Undergrad: 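Structure in structure tokens, see below.
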Amino acid sequence: MKKIILASIAATALSLPAVAAEHIEIPKGQWSFDGVLGKFDRQQLQRGFQVYKEVCANCHAVQYLSFRNLEDLGYSEAQIKSLAAEYEVEAGPNDEGDMFKRKALPSDHIPKPYANDALARVSNGGALPPDLSLMTKARDGGPDYVYNLLLGYENPPAGVEMAPGMHYNKFFPGHQIAMDRQIEDGKVTYADGSPTTAAAIAKDVTAFLHWAAEPKLEQRHSTGLRVTLYAFIFAVLAYFAKRRMWKNIPH
Ligand code: HEC
């Protein structure tokens, strides 16, 4: 009996790792927005937006962003206006009841690449490119995950069978991702002369996506700091007030 119990415990223990999802270690990077004093680097955000616009926007939407939100990246009103005017959006209906196209305005949302999810899937071998506006908050590892994912393409290890249309990625859960490698050295040209290695480009676009997911990060940091400072000063005052009140009471 004892043998049977032991054997079944051993069998369970052995089969567990096969069932449990593989834990993928995501390397921790350094970001300008780390820590309580962390801030976004506006130049980096602008470069990241450029990468989004020139590369990712072919497949991924950022549904929560309107053009005017980009003022936070340091663009002028005129720049935002002319950026919006590069896009067309559907508007209407007009007096005849027809929808029509017009140039986008700063108040419009940045248009999606596909009119609907079905079209997005058909164009991507059945896989849906997810909206990226909250992506860095939606995945474990946050910006570090997105950054490493963008650079994590490799040849599949010997013996790994890839499903058709899938690409091996070290950091994607299950390692088979429908998105092919998107970022290579020199993929974009920056006006500010910043490096365009694959790593630098991946970093810039990830910083931009993190700003998109958490545009109020800086306010949150400075509020947190003020609250902490206030609590600290209050604690010091409370301590001295207590000492003073108890001074003449024997205890
Ligand atoms: C040619 C289309 C295409 C382009 C361009 C593209 N992607 Fe994707 N992306 C996809 C598809 C399709 C998926 C879904 C993959 C899957 O679920 O297997 C995806 C998934 C993702 C995911 C989600 C991974 C996850 O954990 O679910 C992230 C993050 C991502 N892409 C970021 C980017 C960024 C950043 C860029 C620009 C540098 C970009 N993609 C450019 C097609 C694209």
Side-chain angles (χ1 to χ4, degrees), residues 31-33 38-94 98-117 119-120 123-124 128-138 143 146-147 149-150 179 182-220:
W31 300 95
S32 69
F33 45 78
K39 282 197 184 331
F40 289 117
D41 165 352
R42 260 62 199 175
Q43 281 311 110
Q44 179 173 53
L45 297 186
Q46 291 198 7
R47 293 194 301 271
F49 172 63
Q50 182 189 340
V51 179
Y52 166 74
K53 182 170 179 266
E54 291 178 12
V55 185
C56 325
N58 288 313
C59 302
H60 293 277
V62 279
Q63 60 176 332
Y64 297 115
L65 285 188
S66 58
F67 290 104
R68 107 182 126 196
N69 294 140
L70 298 172
E71 270 178 34
D72 194 22
L73 306 193
Y75 293 115
S76 69
E77 232 169 278
Q79 282 174 310
I80 301 270
K81 240 187 179 153
S82 71
L83 172 73
E86 292 174 26
Y87 295 77
E88 280 202 324
V89 292
E90 191 173 48
N94 60 15
D98 295 325
M99 302 301 280
F100 57 92
K101 294 263 187 202
R102 63 157 169 77
K103 281 187 175 170
L105 299 170
S107 54
D108 285 316
H109 281 247
I110 299 178
K112 303 177 189 179
Y114 300 107
N116 54 60
D117 285 359
L119 200 58
S123 317
N124 286 281
L128 182 68
D131 188 273
L132 293 182
S133 28
L134 297 175
M135 186 52 77
T136 65
K137 304 206 85 177
V146 173
Y147 169 80
L149 178 83
L150 291 172
M179 172 172 76
Q182 297 298 328
I183 290 184
E184 290 139 23
D185 292 348
K187 179 88 180 186
V188 293
T189 310
Y190 289 139
D192 69 0
S194 280
T196 55
T197 56
I201 295 172
K203 190 126 196 189
D204 293 344
V205 74
T206 304
F208 165 72
L209 292 176
H210 197 54
W211 166 81
E214 209 183 341
K216 299 275 181 276
L217 172 138
E218 290 164 347
Q219 278 107 306
R220 191 165 60 70

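Count residues from 1 along the sequence. All heavy atoms count here, side chains included; hydrogens, waters and symmetry mates do not. Not measured: the values here are computed from a predicted model.
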Undergrad: Could you walk me through whether T136 and F208 pass the side chain to side chain contact (heavy atoms under 4.5 Å, CB included) test, one step at a time?
TA: CA-CA 10 Å; T136 65; F208 165 72; over 6 Å; no

Undergrad: What distance do W211 atom CH2 and L73 atom CG have between them, rounded to the nearest 0.5 Å?
TA: 4.5 Å

Undergrad: Around E77, counting heavy atoms of other residues, nucleotides and ligands shown, do more than 12 lie under 6.0 Å from its CD?
TA: no

Undergrad: State which residues pass salt bridge (Lys or Arg N to Asp or Glu O under 4.0 Å) with E218; sequence neighbours excluded, sorted by chain then number.
TA: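 Listed in chain order: R42.
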
Undergrad: Checking K137 now: which residues fulfil side-chain contact (heavy atoms from CB on, under 4.5 Å) with it, not counting sequence neighbours?
TA: A213, E214

Undergrad: Who are the ring pair (Phe, Tyr, Trp, His ring centres under 6.0 Å) partners of F33, not counting sequence neighbours?
TA: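 Listed in chain order: W31, F40, H210.
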
Undergrad: Run the side chain to side chain contact (heavy atoms under 4.5 Å, CB included) test on N124 and L128 for me, step by step, so that the C-alpha distance in whole Å, both residues' side-chain angles and the decisive distance to 0.1 Å come before the verdict.
TA: CA-CA 7 Å; N124 286 281; L128 182 68; over 6 Å; no

Undergrad: Holding to side-chain contact (heavy atoms from CB on, under 4.5 Å), I want the full list of residues that pass it with T189, two or more places apart in sequence or in another chain.
TA: none

Undergrad: Look up atom CD1 in I110 and atom OG in S66, then write down how far apart they are to the nearest 0.5 Å.
TA: 7.5 Å

Undergrad: For Q79, what residues pass the side-chain hydrogen bond (donor to acceptor under 3.5 Å, both in side chains) criterion, not counting sequence neighbours?
TA: S76

Undergrad: Going by the rule side-chain contact (heavy atoms from CB on, under 4.5 Å), which residues pair with A85 if we only count those two or more places apart in sequence or in a different chain?
TA: K103

Undergrad: Tabulate below the donor-acceptor pairs under 3.5 Å that side-chain atoms of residues 56-64 make, not counting sequence neighbours, or state none.
TA:
unit_1	atom_1	unit_2	atom_2	d
N58	ND2	V55	O	3.1
H60	ND1	P130	O	2.7

Undergrad: Might you confirm whether atom NZ of K112 has over 12 heavy atoms from other residues, nucleotides or ligands at distances under 6.0 Å?
TA: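 Result for NZ/K112: open.
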
Undergrad: Nearest heavy-atom pair of D72 and P215: which atoms, and what distance?
TA: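 Of all heavy-atom pairs spanning D72 and P215, the closest is OD2-O, 4.1 Å.
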
Undergrad: Are the side chains of L83 and F49 in contact, using a 4.5 Å heavy-atom criterion?
TA: yes

Undergrad: Over all heavy atoms of both residues, which pair between T206 and P143 is shortest? Give the atoms and the distance, please.
TA: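 It is CG2-O, 3.3 Å.
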
Undergrad: Apply ring pair (Phe, Tyr, Trp, His ring centres under 6.0 Å) to Y87 and list each qualifying residue two or more places apart in sequence or on a separate chain.
TA: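 Applying ring pair (Phe, Tyr, Trp, His ring centres under 6.0 Å) to Y87 gives F67.
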
Undergrad: Please report the interatomic distance CZ(R68) to NZ(K81), rounded to the nearest 0.5 Å.
TA: 12.5 Å

Undergrad: Please report the interatomic distance CG(L149) to CD(Q182), rounded to the nearest 0.5 Å.
TA: 10.5 Å

Undergrad: Taking side-chain contact (heavy atoms from CB on, under 4.5 Å) as the test, write out the residues that go with S32, two or more places apart.
TA: D41, Q44

Undergrad: Applying salt bridge (Lys or Arg N to Asp or Glu O under 4.0 Å), name anything that partners E86, two or more places apart in sequence or on another chain.
TA: K53

Undergrad: Answer whether the closest heavy-atom distance between the side chains of Y147 and L209 falls below 4.5 Å.
TA: no

Undergrad: At their closest point, which heavy atom of L119 faces which heavy atom of S123, and how far apart are they?
TA: O-OG, 2.6 Å

Undergrad: Got a sec, which residues hit side-chain hydrogen bond (donor to acceptor under 3.5 Å, both in side chains) with E88, two or more places apart in sequence or on another chain?
TA: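 Once residues adjacent in sequence are excluded, E88 has no partner under the side-chain hydrogen bond (donor to acceptor under 3.5 Å, both in side chains) criterion.
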
Undergrad: If you look only at distance, which donor and acceptor atoms sit under 3.5 Å apart when one is on a side chain in residues 191-203 and the other is two or more places apart or in another chain?
TA:
unit_1	atom_1	unit_2	atom_2	d
D192	OD1	S194	N	3.0
D192	OD1	S194	OG	3.1
D192	OD2	R47	NH1	3.0
D192	OD2	S194	OG	3.3
S194	OG	R47	NH1	3.1
T197	OG1	A200	N	3.1
K203	NZ	Q30	O	2.5

Undergrad: Go through it in stages, so that I can follow the logic: the residues are L132 and V146, the test is side chain to side chain contact (heavy atoms under 4.5 Å, CB included), and I'd like the CA-CA distance, side-chain angles, deciding distance and then a yes or no.
TA: CA-CA 10 Å; L132 293 182; V146 173; over 6 Å; no

